[in-house]
J.: 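I have a structure here, written as structure tokens, and I will follow up with some questions on it.
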Number of protein chains: 2
Amino acid sequence: MSRFQILPDAAPSQSAELMPCAACDVRELSICSALRGPELDRIAALVSRSPVGAGQTLFQEGDEANAVYNIIEGAVRLFKLLPDGRRQITGFLFASDFIGLALKDRYAYSAEAITGTVVCRFPRVKLESLFEEMPRLENRLLRQASNELIAAQDQMLLLGRKTAVERLASFLMALAQRQGRAKTGDTVDLPMTRTDIADYLGLTIETVSRGFTRLRKDGLIETPDSHSAVLRDAEGLRALTESG
Amino acid sequence: MSRFQILPDAAPSQSAELMPCAACDVRELSICSALRGPELDRIAALVSRSPVGAGQTLFQEGDEANAVYNIIEGAVRLFKLLPDGRRQITGFLFASDFIGLALKDRYAYSAEAITGTVVCRFPRVKLESLFEEMPRLENRLLRQASNELIAAQDQMLLLGRKTAVERLASFLMALAQRQGRAKTGDTVDLPMTRTDIADYLGLTIETVSRGFTRLRKDGLIETPDSHSAVLRDAEGLRALTESG
DNA sequence: AACGTTCCTTGATCCAGGTCAAGCCGAGTT
DNA sequence: AACTCGGCTTGACCTGGATCAAGGAACGTT
């Protein structure tokens with residue numbers, strides 16, 4: 001399930017490129033939107049881009065947290081493990097998302113690329129000092145953290161109190177929202193496997209699979225292939241997310 | 001289960017007192033530890049203390065979020081409800097804890113006092129402008145948010161992947177930690193009811209009760225009364241929190 | 001084209017924890 | 001001291017989702 005290829009952490013990968021942030025695809029959507037021209041140049045000198053292959057580990061729970069990341073493209077899973085292998089995925093992250101809000105001196109979770117991914121790596125020591133220089137950055141991170149806390153509480157409600165089908169419906173609608181495709185007829189991208197979804201929703205793979213079948217039979221979705229879902233009845237799905 | 005006495009939100013309660021922050025019992029432990037002398041005076045002019053009776057509502061999910069709070073003494077539960085009444089408690093807060101990190105313009109959860117509680121109320125509009133003036137405050141809040149995110153992820157692991165007894169052991173040890181009484185022989189305070197614990201751990205009250213009985217029969221705890229637990233074997237409990 | 005592999009689905013069975021029901025205990029209250 | 005009432009425990013039974021098992025579909029790989 002988990003693979004342990006570990007990326008060189010401190011040394012920039014051979015394929016890393018220095019990138020002018022001004023040309024960054026996700027700048028406007030990411031935390032970097034808090035920065036102005038000269039600040040961007042300052043940042044550009046500190047960050048490095050690197051590709052991360054599907055299934056590769058970005059960092060592991062317990063590692064020294066010496067970098068934070070912005071996802072440029074691709075998808076990443078964050079997760080925690082129990083010693084016997086039980087896994088809880090605490091979040092899926094996509095292009096423009098920021099990794100590293102929740103950390104002390106060590107990472108509290110592991111991060112793996114789901115698909116081929118490109119990240120923008122930022123040394124953490126430099127981040128701290130940068131806050132004084134760029135208070136808008138710190139403010140932006142605080143807002144981001146606030147949003148993530150709200151999302152975390154929604155997830156607790158889901159894990160603690162929702163049924164299997166409600167969890168799946170909630171997951172699909174949240175993903176749809178994130179992709180700006182939450183209306184009936186829209187297609188939602190599912191880059192992760194059924195096992196990932198199960199470990200995110202606190203279920204088994206079989207229950208997730210049966211959930212998809214249920215939603216399909218009830219005319220709420222179609223599943224042209226296992227990595228996409230077409231919303232056949234967005235309202236019906238939404239009703240399930242807050243039903244009882 | 002939930003009561004709907006609502007505190008006057010904008011108007012300071014008749015029993016509110018203006019308090020010099022310099023004399024505040026929890027200052028050194030709370031976010032106010034980030035503030036220096038003159039800043040404290042500035043803050044003191046903005047905050048007001050008020051008592052909140054056991055069971056009373058501080059604010060409800062969906063309310064306009066026009067204040068944040070510091071808990072001076074007592075205990076508070078934060079929770080979300082599904083329309084049919086299922087409840088998930090997302091956190092228990094105690095003296096020196098800060099309420100209001102996770103918010104947009106509306107509260108994402110409800111807050112009720114568990115016991116008689118005293119809070120320090122802070123108008124939110126003034127908070128925003130204060131950040132520019134006191135960057136150390138913002139920095140402190142970001143750290144706090146980071147810690148809460150880590151705790152939230154632990155809770156997701158608990159809700160998604162742990163058994164009933166593991167959840168209860170994790171809960172007791174986390175509470176013990178927070179109270180600085182996590183060694184064998186120490187007594188942990190449980191101000192909340194079994195129903196609260198159940199709604200926090202994603203279980204029913206009966207399962208929580210059976211969990212206490214199990215831990216008692218296994219010699220891990222004693223329960224002199226329903227609102228306290230003596231740790232008889234802290235190591236055994238800790239083993240349960242990360243066992244498999 | 002035959003063969004692995006990985007991922008997904010479906011069916012049959014099982015069980016941890018939910019539900020239902022009864023009773024206990026302690027703190028008010030009259 | 002009898003009564004209520006909320007909170008807690010325990011027992012008997014039930015069920016949603018886990019587990020176990022089998023097979024199918026979409027891939028590369030040789």
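Lettering of chains follows the sequences in order, A, B, ..., and the numbering in each one begins at 1.
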J.: Round to the nearest Å and state the distance from B:Met192 atom CE to D:dC8 atom P.
T.: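 Interatomic distance, CE of B:Met192 to P of D:dC8: 11 Å.
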J.: Should the side chain of A:Glu206 and the base of C:dC8 be counted as holding a donor-acceptor pair, with the cut-off at 3.5 Å?
T.: no
J.: Report, one pair per line, the protein and nucleotides 13-17 of chain D atoms (nitrogen or oxygen only) whose separation is under 3.5 Å.
T.:
from   : atom 1 : to       : atom 2 : distance (Å)
D:dG17 : OP1    : A:Ala164 : N      : 2.9

J.: Validate the cation-pi geometry between A:Arg178 and A:Phe92: distance from NZ or CZ to the six-membered ring centre under 6.0 Å, angle to the ring axis within 45°.
T.: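 Judged by the rule, A:Arg178 and A:Phe92 form no cation-pi pair.
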J.: Give me the atom names and distance for the closest heavy-atom approach of A:Thr187 to A:Arg181.
T.: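 Closest approach of A:Thr187 to A:Arg181: O-CD, 3.2 Å.
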J.: Roughly how far, to the nearest 0.5 Å, is the CD atom of A:Gln155 from the CD atom of A:Glu148?
T.: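 The CD atom of A:Glu148 sits 12.5 Å away from the CD atom of A:Gln155.
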J.: Apply salt bridge (Lys or Arg N to Asp or Glu O under 4.0 Å) to the pair B:Asp196 and B:Arg87, showing each step before the final yes or no.
T.: CA-CA 9 Å; B:Asp196 284 340; B:Arg87 184 177 73 154; 2.8 Å; yes
J.: Is any side-chain nitrogen or oxygen of A:Ser226 closer than 4.0 Å to OP1 or OP2 of C:dC7?
T.: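 No, outside the criterion.
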J.: Taking the side chain as everything from C-beta on, heavy atoms only, tell me whether A:Leu240 gets closer than 4.5 Å to A:Leu220.
T.: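 A:Leu240 reaches A:Leu220 side chain to side chain.
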J.: Between A:Val208 and B:Thr213, which has a closest nucleotide on DNA chain D that is more 5'?
T.: B:Thr213
J.: Looking at C:dT9, I'd like to know if its phosphate oxygens (OP1 or OP2) sit under 4.0 Å from a side-chain N or O belonging to A:Arg210.
T.: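 Checking C:dT9 against A:Arg210, no side-chain N or O comes under 4.0 Å of OP1 or OP2.
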J.: Dot-bracket for DNA chain C, 5' to 3', counting Watson-Crick or G-U wobble pairs under 3.5 Å, with [ ] for crossing pairs and | for inter-strand pairs?
T.: ||||||||||||||||||||||||||||||
J.: For A:Ser209, report the nucleic acid contact type (base, sugar-phosphate, nothing); a contact means any heavy atom under 4.0 Å.
T.: base
J.: What integer distance in Å separates A:Leu190:CG from C:dC8:C1'?
T.: 13 Å
J.: First locate atom CD1 of B:Ile99, then atom SG of B:Cys120, and finally report the distance between them rounded to the nearest 0.5 Å.
T.: 11.0 Å
J.: NE2 of B:His227 versus P of D:dG7: gap in Å, rounded?
T.: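 Taking NE2 of B:His227 and P of D:dG7, I get 8 Å after rounding.
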J.: State, to 0.1 Å, how close B:Lys162 and B:Thr241 come at their nearest heavy-atom pair, and which atoms those are.
T.: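 So the minimum-distance heavy-atom pair works out to NZ-O, 2.8 Å.
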J.: Once you round it to whole Å, what is the distance between C1' of C:dG17 and CZ of B:Arg161?
T.: 16 Å
J.: Take the protein atom CZ of B:Arg214 and the nucleotide atom P of D:dT9, then report the distance between them rounded to whole Å.
T.: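 Answer to the nearest Å: 14 Å.
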J.: Mind calculating the distance between CG (B:Asp199) and C1' (C:dG17) to the nearest angstrom?
T.: 15 Å
J.: How close do B:Met192 and B:Leu175 get, counting heavy atoms only, and between which atoms?
T.: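 So the minimum-distance heavy-atom pair works out to CE-CD2, 4.3 Å.
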J.: Tell me the closest heavy-atom pair linking B:Gly74 and B:Thr115, and the distance in Å.
T.: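 Shortest heavy-atom contact: CA-OG1, 3.7 Å.
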J.: Please list, for nucleotides 23-28 of chain D, all pairs of protein and nucleotide N/O atoms separated by less than 3.5 Å.
T.:
none

J.: Between atom CZ in A:Phe212 and atom C1' in C:dT9, what is the gap in whole Å?
T.: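 After rounding, the reported distance stands at 12 Å.
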J.: Find the distance A:Ile205:CD1 to D:dA21:P and express it as a whole number of Å.
T.: 17 Å
J.: Cut-off 3.5 Å, side chains only: do A:Ser50 and A:Arg121 have a donor facing an acceptor?
T.: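 No, no side-chain donor-acceptor pair sits under 3.5 Å.
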J.: B:Gly62 and B:Arg106: which non-hydrogen atoms are nearest, and at how many Å?
T.: O-NH1, 2.6 Å
J.: What orientation do A:Phe59 and A:Tyr109 show, parallel under 30°, tilted 30 to 60°, or perpendicular over 60°?
T.: tilted
